[in-house]
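Below, chain A is the first sequence line, B the second, and so on; all start at residue 1.
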Amino acid sequence: MCNGHTCASRQDQVDQVDQVDQFNRCITSQLIKWFSNFREFYYIQMEKFARQAINEGVTSAEELAVGRDAELFRALNMHYNKANDFEVPDRFLEVAQVTLREFFNAIVAGKDADPSWKKAIYKVICKLDSEVPEIFKSPNCLQELLHD
DNA sequence: CATGACCCTG
DNA sequence: CAGGGTCATG
């Protein structure tokens with residue numbers, strides 16, 4: 001039955017599954033790392049633009065708006081969507097604006113004196129996170145994404 | 001012991 | 001981004 005050419009041994013099959021498993025684990029951890037880096041860049045920009053607004057004399061967070069033409073948006077888009085491969089959801093703009101205002105108010109209030117002042121903001125913003133798209137939860141996520 | 005969040009560097 | 005360290009979880 002198993003002539004060594006057309007049929008893999010049970011052990012070989014087990015090894016293959018292990019390899020696929022490890023492969024997927026590497027890919028996912030890599031993605032997690034990427035998202036982590038994205039998130040960090042996002043907040044760095046938020047702080048940067050919030051301080052910039054303050055230095056420019058903005059007195060109220062209400063004056064801060066993040067539209068698709070905003071410098072802040074351009075900076076972010078440059079990193080996440082340089083080739084404009086997809087349309088940025090309006091939801092993203094909304095959350096970005098909330099985040100910017102959150103930073104603005106915190107800094108104006110002098111909360112940045114506290115070494116961990118950003119955590120309060122993170123706590124607020126993470127609640128605004130959108131649900132993870134179903135495809136990403138699928139075991140065949142990689143295959144499905146590759147088809148597009 | 002493994003994994004992931006978070007932080008800081010290069 | 002990638003690496004590496006720390007800390008909390010399970």
Using the 3.5 Å cut-off, write out each protein N or O paired with an N or O of nucleotides 4-8 of chain C and the distance between them.
unit_1 : atom_1 : unit_2 : atom_2 : d
C:dG4  : O6     : A:K33  : NZ     : 3.0

- Between C:dC1 atom P and A:I44 atom CD1, what is the distance in whole Å?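 Rounded to whole Å, this separation is 13 Å.
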- Task: Return the value, rounded to whole Å, for the distance between atom CG of A:L31 and atom C1' of C:dA2.
- Result: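 Nearest whole value for this atom pair: 14 Å.
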What residues form a salt bridge (charged side-chain N to carboxylate O under 4.0 Å, His left out) with [X], not counting sequence neighbours?
X      : result
A:E94  : A:R91
A:E102 : none
A:D112 : A:R51

- Message: At 4.0 Å (heavy atoms only), tell me whether A:E40 reaches a base, stays on the sugar-phosphate, or touches nothing.
- Response: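 Base, at least one base heavy atom under 4.0 Å.
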- Residues that A:W34 engages under ring pair (Phe, Tyr, Trp, His ring centres under 6.0 Å), provided they are two or more places apart: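 For A:W34 there are no ring pair (Phe, Tyr, Trp, His ring centres under 6.0 Å) partners, ignoring immediate neighbours.
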[X]: what forms a side-chain hydrogen bond (donor to acceptor under 3.5 Å, both in side chains) with it, not counting sequence neighbours?
X      : answer
A:D69  : none
A:N105 : none
A:S116 : A:D114
A:T59  : A:E63

- Contact residues, residues 112-123 of chain A to DNA chain C [heavy atom, < 4.0 Å]: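 Contacts with DNA chain C under 4.0 Å: none.
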- Query: Can we call the ring centroids of A:Y42 and A:Y80 under 6.0 Å apart?
  - Reply: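 No, they do not, as the ring centres are separated by 6.0 Å or more.
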- Task: Please list, in 5' to 3' order, the outermost nucleotides of DNA chain B lying under 4.0 Å from any heavy atom of chain A.
- Result: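 Counting from the 5' end, contacts occupy B:dT3 to B:dC8.
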- Item | Set of residues satisfying side-chain contact (heavy atoms from CB on, under 4.5 Å) with respect to A:D129, sequence neighbours excluded |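 For A:D129 the side-chain contact (heavy atoms from CB on, under 4.5 Å) partners, ignoring immediate neighbours, are A:C126.
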